[in-house]
Amino acid sequence: MVNYLYQTDQLIAAMNAWLHQHIGNIWVVEAIKIAAATATLAGLVSVMAMVLVWVERKVAAHFQQRLGPMRVGPHGIFQTVADSLKLMAKESITPRDADELIYTLAPLICFASAFVSVGFLPFAPGLQAVNVNVGLLFILGVSSMGVLGILAAGWSSNNKWSLLGAMRAGAQIISYELSAGLALLSVVVFMGTIDFQEIVKSQQAGWWIWRAHGVGVLAFVIYTIASTAECNRTPFDIVEAESELTAGFHTEYSSMKFAMFFLAEFLNVFIVCAISATVFFGGWMPFHIGGFEPLNRLFDLIPPWLWFFGKVTALIYLVMWFRWTFPRLRVDQLIRFEWKYLMPLSLLNLAAGAVVVTTGWYFFR
Amino acid sequence: MPFKFFFYLIALFVLYSAYFVVTARNLFRSAMGLLAVLIGIAGMYLLLNAQFLSAVQVVVYIGGIVVLMVFAILLIADVTQKVFEQSPRWRQGLIGAASLLWFSLLAGSMLSYRFGAAAAAVDKSGSIREIGRALLSPAAGGYALPFEVISLLLIAALVGAVTVARADADNGEGKEGKA
Amino acid sequence: MNGPTLEHYLVFSALLFCIGLYGMLTRRNLIAMLMSVELVLNAAALNFVAFHHFLFPGDSGGAVFPIFIIAVAAAEAAVALAIFIALFRHQQHLDVQQSDSLKG
Amino acid sequence: MTGHWFIDHLWLVPLFPFLGFLLVGLVIRPLGDRPSSTVAILAMVASAVVGWGAAFQYFTHHAGETLVPWQYEWLRFSPTLVGNMGVLVDDISMLLVLVVTTISLLIHVYSQGYMRGDPGYPRFFSFLNLFTFSMLGLVLACSVLQMFIFWELVGVSSFLLIGFYWAKPSAVSACKKAFIVTRFADLGFLLGLLMLSYYAKGLDFTFLTSPETVAKLARTTLPFLGVSALPLSAILIFCGAAGKSAMFPLHIWLPDAMEGPTPVSALIHAATMVVAGVYLVARMFPMFAASEPAILTVMSIGAFTALFAAVIAVTQFDIKRVLAYSTLSQLGYMMLALGVATLDKPLGFTASMFHLTTHACFKALLFLGAGSVIHAVHTNDMREMGGLRRKLPITHATFLIACLAIAGVPPFSGFFSKDEILAAAVENGHYFVFALALGVAGLTAFYMFRLYFMTFWSEPQDHEKYHHAHESPWSMTSVLIVLAVPTALLGLVPFGHYVHRGELEHHGINWLIAGPAILVGLAGIAVAFMLYFRPNGLPDRIAFAFSGIYRVIRDKFYIDELYLFVTHHVIFRYVSAPFNWFDRHCVDGLMDLTAQSALLSGRSLRRTVTGHLQTYLLWAWLGSAVLALVVWQMQAALGWALTFVGLGIIAGIFAWQWVLQLLNRSEPLKRIEKD
């Protein structure tokens, strides 16, 4: 049974076989599989969002040399549970002049796009809700649907702050999506595939951030910047710049609808970090150093999904670190930074990657 | 059976959304309907084993075109403007009938035609490798020239859109705050 | 294989096409018309893929053309929306029935 | 290829002025006057050098031969009929090359002084070059087609030069008149050319003038007139020649052409272009000589023109007009000489060419002298001149030489050529023509010395003009002096030795013929001396005594008026007016109908351009529906069924809408308003 901790694909296969064995109807099997995957992901997502909120607060507090939430549970670890309960208990308000359908739909779109994206992520071998051969592209597309939710929220609230915040968010996300996509593309050039499992397997010999040396590092830097902007996090959080727009697009939201935005935001942080970990840092692949067999054996002892979450956690910490390190950009600086510097740079990086690949001038191959 | 079930599910979803697109009294709602239609079509592509096209549909159509439209709607429409101009009802009825007739013609022709059996070959649309080869192959059966033409078209559209949409500084028509 | 057949897809896309056509002819807002055009384009693209899948799986044309359609749709949407915004600035509405200054 | 450089490169002769024309007209013109004239003159010098070299080589090595050193197949109408461009070298073409290049060069130099300060100075020189190019191309033409092309080019450049002072209405009308009259004559030329090319199946001169061709043409009977092709085509071609050489009925353009600058008159309307007609007849001489009616036409028209023009010249007071009528008269002389020549006794041919050459010299000199006089006193009217010999000594001296030459006083050149013409007339038994020519010679002497005495002797009539008169600049007078040399001495050249047809007949001066000629000339001079040496009332009294006939002559026998009458009152009214009516009402009406129907259909189709996007879309849809139905013919049953169902639905909808409208009239429109 311990083996299943490592060979998760065998675990999935065994479960599959068990299902088929005990339930004859293929329909029911499929339905159970779907329900199980959805339930698992939902649980994961909600727990993770809570943890992330707590972590964010703690990290922020410690950066500012204070303790942060300490009352509920040891070191306040149940603080977010309490917060969630409070949010759920609150009254759901819809502004009188809002477009009610869209107003209700907006947080759903945001959350759904984030939630569906999680389904494409490879947590461990075989441990992936949806396995398509174009996973990377899909996850980019699906997560970019979130911006529609933000725009819808801003527009349907019938509030100037909301609308402006939504417009800013839209402009920002669309712009930075380009850089993020191009940065990933310059590594895809090396990988030759956009199937997540294949991507991870292609890093058997080494992580792409090293193997694609200069290009990989630069792509990682660009992707980190762009994805931070995509998530509307500081230093790119002018979307909800409190001093200018009160709370941006979700000014009018409360209760569970607000919670969905909140959830989606943290999920997005998790997703971009997961993509980054998968593409640049080998995903669930343990860290290996050629020639250091004992060390490699030692690393192999850690299960793949732990590797994955470890890497993701480290990257999330990096993103949170940003938040308390850099000052917020002005909206024109933001757009100029993307279109005049980041995007040309990522285009050049892509070209460089193409040159490196065609000349075969990189490590481990 | 499951595929057929999914097909009908998606088809109903798409058709209802499409109907919503063409009848909704509110532009933004139309756009949301379009979003649903596009997602449904992406699902259709998945059913047809065309994962790459499905992904492209999601990335470009939803992430690009619909967002662009929503942006334009944000620029020109107001949430209070729930009812926008409608064609007179007789026109709607007339055209609805004509559309139905047209549909019956199309469907009749399609159902009455006996399509030949599929050649026994592997479906290529799922593999990006095959699509990439086809797109960039200058040889016969390749699409390098259309590909280049499309790239030119996109550049021209980009420049043209920027030029057209930019507020004219001269005649003071740049009422950006209108939105 | 008892999945949907080619005819299913064809009829479905024909219906989608007709709905788009109806929208193009009845919606009076230009952006709404553009959305209807997108419906029509999608119906056409779906036909390409369906034919490719069922009749000519060995030929990559059916898989490539939807990409072209999407690219053209993107270009068209960009230009059209830019024109609409310019038009809106000019006449404060996007009613296609009132935009008839080119009438003979 | 003859192995002689100049003859082989004879095509350079027209090429240089052409390049000069392009260069001056397109490149150098903005640079100013001096470079333009320099380039034009350099082009002429180069051309003249080649021309003289070729003439020298021809007359020393190939005298009497007919050569085609260079030829290019330009148009191949049919396997047998080829339009060639090339260079034809024989005695007369070489002679004309000599005359044209020399006179043209001298006149270029002269124009430098005469045209100084004129705003169109560079334009003038480019036109002069163009004219020289065309004239040389005409002279060297190897086929009648090429000659026709250059013939028209000559006409164009003459048109441009006559109308040089285009701001002057008289100049404009003069150039139009010249162009139209010569074009009219060229119609005959073209017809003759077509007839020749059709019946002779060839266009080259060497082919056309060969005895076989001439005989073949003479045998050919025209299907529609029943006459031989030869005389008719010859007379048609003579039409063109008569137009260019201003023979009697078509002479009216030449006196008016004096509106151009005087160097132009000298170059074109005295020395070169007007002799093109004579040259053409000479070129086709075997054809003319083989046909009795043709040659008689040439002779009689030439003789009549000679007398007619001389009579008019007596009464004119415009110095250039006198010279113009004198030119007409002398051209008539040349035609007459050609007319009296036969294949057996071709002395007239030589005489004509001889007179052409000497006339070119002395008439150019006369015109240039007249130009010098006009330059000095700024008037053309002889009655305002007088006593100018003291003011213009060089002009006076050279002018006198030229007058003596044209009057036929030995030993000046005119005497010899005129004597040869008279001898030719006598030799061929045309005594009436001889007598007529003799009389014309006397008249010539009279009116030339009338001109001379009135201008240079007599008394100054207009003292202000007299006092301002001054000798012309060196560039002009030097040309006069240079021209005076051949004018005086050209008669001493044994001309018949070089230019002749048939056997060379050596004959000296027949004093039985020359004696009366000299006497008549001297008599003319004497009469002029008596009447005009000192100002007296005698000429006026004579004019008064014969006032009726005098007025007729002074008004040029009312030929111009006749033309005007014919054109205005006959052609315009009875021929053109109906055509005009037809054109206005039928042809234009058709055009208007087309335009109106297009307009009407546009007006009705305009309704379809509603400006409504959706309407267009609807039409496009309907169109595709029709197309689909057409394509669907194969499954007609299903198609028709569905069509009927659809039509039924549409009809139902309409009916429903109609009912709806009846129930609530404004219902469909209400929804349009947005709120």
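Throughout, protein chains are lettered first and strands after them, A, B, ... in sequence-line order, and every chain is numbered starting at 1. Note: hydrogens, waters and symmetry copies are ignored here, and every other heavy atom, side chains too, is used.
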Visitor: Checking heavy atoms, do the side chain of C/F68, its backbone, both or neither come under 4.5 Å from chain B?
Guide: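 Both backbone and side chain.
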Visitor: Tell me which of these, C/G20, C/S13, C/A78, C/S36, has more heavy-atom pairs under 4.5 Å with chain B than the rest.
Guide: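 Counting heavy-atom pairs under 4.5 Å, the top option is C/A78.
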Visitor: Would you name the heavy atoms of C/A75 and B/L154 that are closest together and state the gap between them?
Guide: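 C/A75 and B/L154 have their closest heavy atoms at CB-CD2, 3.9 Å.
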Visitor: Counting only non-hydrogen atoms closer than 4.5 Å, does C/Y9 touch chain B with its backbone (N, CA, C, O), its side chain (CB onward), both, or neither?
Guide: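 Answer is both: backbone and side chain atoms of C/Y9 are under 4.5 Å from chain B.
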Visitor: Could you tell me the separation between the NE2 atom of C/H8 and the CG atom of B/L47, rounded to the nearest 0.5 Å?
Guide: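 The CG atom of B/L47 is 12.0 Å from NE2 of C/H8, to the nearest 0.5 Å.
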Visitor: Run the numbers on B/L38 and C/E38 for side-chain contact (heavy atoms from CB on, under 4.5 Å), then give the verdict.
Guide: CA-CA 9 Å; B/L38 296 175; C/E38 302 298 343; 5.6 Å; no
Visitor: What I'd like to find out is whether the side chain of C/I67 reaches to under 4.5 Å of the side chain of B/V60, using heavy atoms alone.
Guide: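 A side-chain contact is absent here, since even the closest heavy-atom pair is not under 4.5 Å.
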Visitor: Run B/I73 and C/F84 through side-chain contact (heavy atoms from CB on, under 4.5 Å) and show every step you take.
Guide: CA-CA 10 Å; B/I73 293 168; C/F84 295 166; over 6 Å; no
Visitor: Mind listing the closest non-hydrogen atom pair of B/I150 and C/A71 along with its distance?
Guide: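 Heavy atoms only, the tightest pair is CG2-CB, 3.5 Å.
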Visitor: Need one label for C/A45: side chain, backbone, both or neither, based on atoms under 4.5 Å from any heavy atom in chain B.
Guide: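 For C/A45, backbone and side chain are both near chain B.
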Visitor: Would you call B/L106 and C/C18 a side-chain contact if the rule is heavy atoms closer than 4.5 Å?
Guide: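 When only atoms from C-beta onward are counted, C/C18 and B/L106 do touch, with a gap below 4.5 Å.
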Visitor: Can you name the closest pair of heavy atoms from B/V164 and C/A86 and give their distance?
Guide: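 Taking every non-hydrogen atom into account, O-CB, 3.7 Å.
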Visitor: Should we say atom CG of B/L136 is surrounded by more than 12 heavy atoms from elsewhere, each under 6.0 Å from it?
Guide: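 Counting neighbours around CG of B/L136, more than 12 heavy atoms of other residues, nucleotides or ligands fall under 6.0 Å, so yes.
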Visitor: Let me know if B/V37 has heavy atoms under 4.5 Å from chain C in its side chain, its backbone, both or neither.
Guide: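 Answer is side chain: those atoms of B/V37 sit under 4.5 Å from chain C.
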Visitor: Given 3.5 Å as the limit, does a donor-acceptor pair link the side chain of C/R27 with the main chain of B/V22, or not?
Guide: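 Indeed, once roles are kept as given, a pair shorter than 3.5 Å links the two residues.
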Visitor: Should C/I19 and B/F20 count as side-chain neighbours, where that means a heavy-atom distance under 4.5 Å?
Guide: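 In short, these two side chains do not touch, never coming nearer than 4.5 Å.
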Visitor: Which heavy atom in B/A161 sits nearest to a heavy atom in C/A82, and how many Å separate them?
Guide: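 The pair with the smallest heavy-atom distance is O-CB, 3.3 Å.
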Visitor: What distance do C/L81 atom CG and B/L75 atom CG have between them, rounded to the nearest 0.5 Å?
Guide: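 CG of B/L75 is found 9.5 Å from CG of C/L81.
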Visitor: Going by heavy atoms in the side chains, are B/L111 and C/L10 under 4.5 Å from each other?
Guide: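 Heavy-atom side-chain distance check fails, nothing below 4.5 Å.
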Visitor: Check whether B/F71 gets within reach of chain C through its side chain, its backbone, both or neither, counting any heavy atom under 4.5 Å.
Guide: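 It is neither, since no heavy atom gets under 4.5 Å.
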Visitor: Quick one: CE on B/M44 to CG on C/L16, what's the gap to the nearest 0.5 Å?
Guide: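 Reported value, rounded in 0.5 Å steps: 8.5 Å.
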Visitor: Looking at every non-hydrogen atom in both residues, tell me the closest pair between B/A134 and C/V64 and how far apart they are.
Guide: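 Smallest interatomic distance, heavy atoms only, reads CB-CG2, 3.8 Å.
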Visitor: So, taking the atom named NE2 in C/H52 and the one named CG in B/N49, what distance separates them when rounded to the nearest 0.5 Å?
Guide: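 Going from the NE2 atom of C/H52 to the CG atom of B/N49 covers 8.5 Å.
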Visitor: For B/Q92 versus C/T26, what's the shortest heavy-atom pair and its separation?
Guide: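 Shortest heavy-atom contact: CA-CG2, 3.9 Å.
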Visitor: Are C/F17 and B/F103 close enough, and set up right, to give a side-chain contact (heavy atoms from CB on, under 4.5 Å), and what steps lead you there?
Guide: CA-CA 8 Å; C/F17 180 89; B/F103 168 70; over 6 Å; no
Visitor: Please flag which part of B/L34 lies under 4.5 Å from any non-hydrogen atom of chain C: side chain, backbone, both or neither.
Guide: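 Only the side chain of B/L34 comes within 4.5 Å of chain C.
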Visitor: Within the 4.5 Å heavy-atom criterion, are C/V49 and B/Y45 side-chain neighbours or not?
Guide: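 Heavy-atom side-chain distance check passes, below 4.5 Å.
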Visitor: Pick one of side chain, backbone, both or neither for B/A31, based on which atoms fall under 4.5 Å of a heavy atom in chain C.
Guide: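 Both the backbone and the side chain of B/A31 come within 4.5 Å of chain C.
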Visitor: How long is the straight-line distance from CZ of C/F12 back to CD1 of B/I10, given to the nearest 0.5 Å?
Guide: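 One finds 8.5 Å between CD1 of B/I10 and CZ of C/F12.
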Visitor: In Å, rounded to the nearest 0.5 Å, how long is the span from CG of C/L34 to OG of B/S30?
Guide: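 C/L34 CG to B/S30 OG: 11.5 Å, rounded to 0.5 Å.
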Visitor: Answer with side chain, backbone, both or neither: which region of C/I83 has an atom nearer than 4.5 Å to a non-hydrogen atom of chain B?
Guide: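 Both the backbone and the side chain of C/I83 come within 4.5 Å of chain B.
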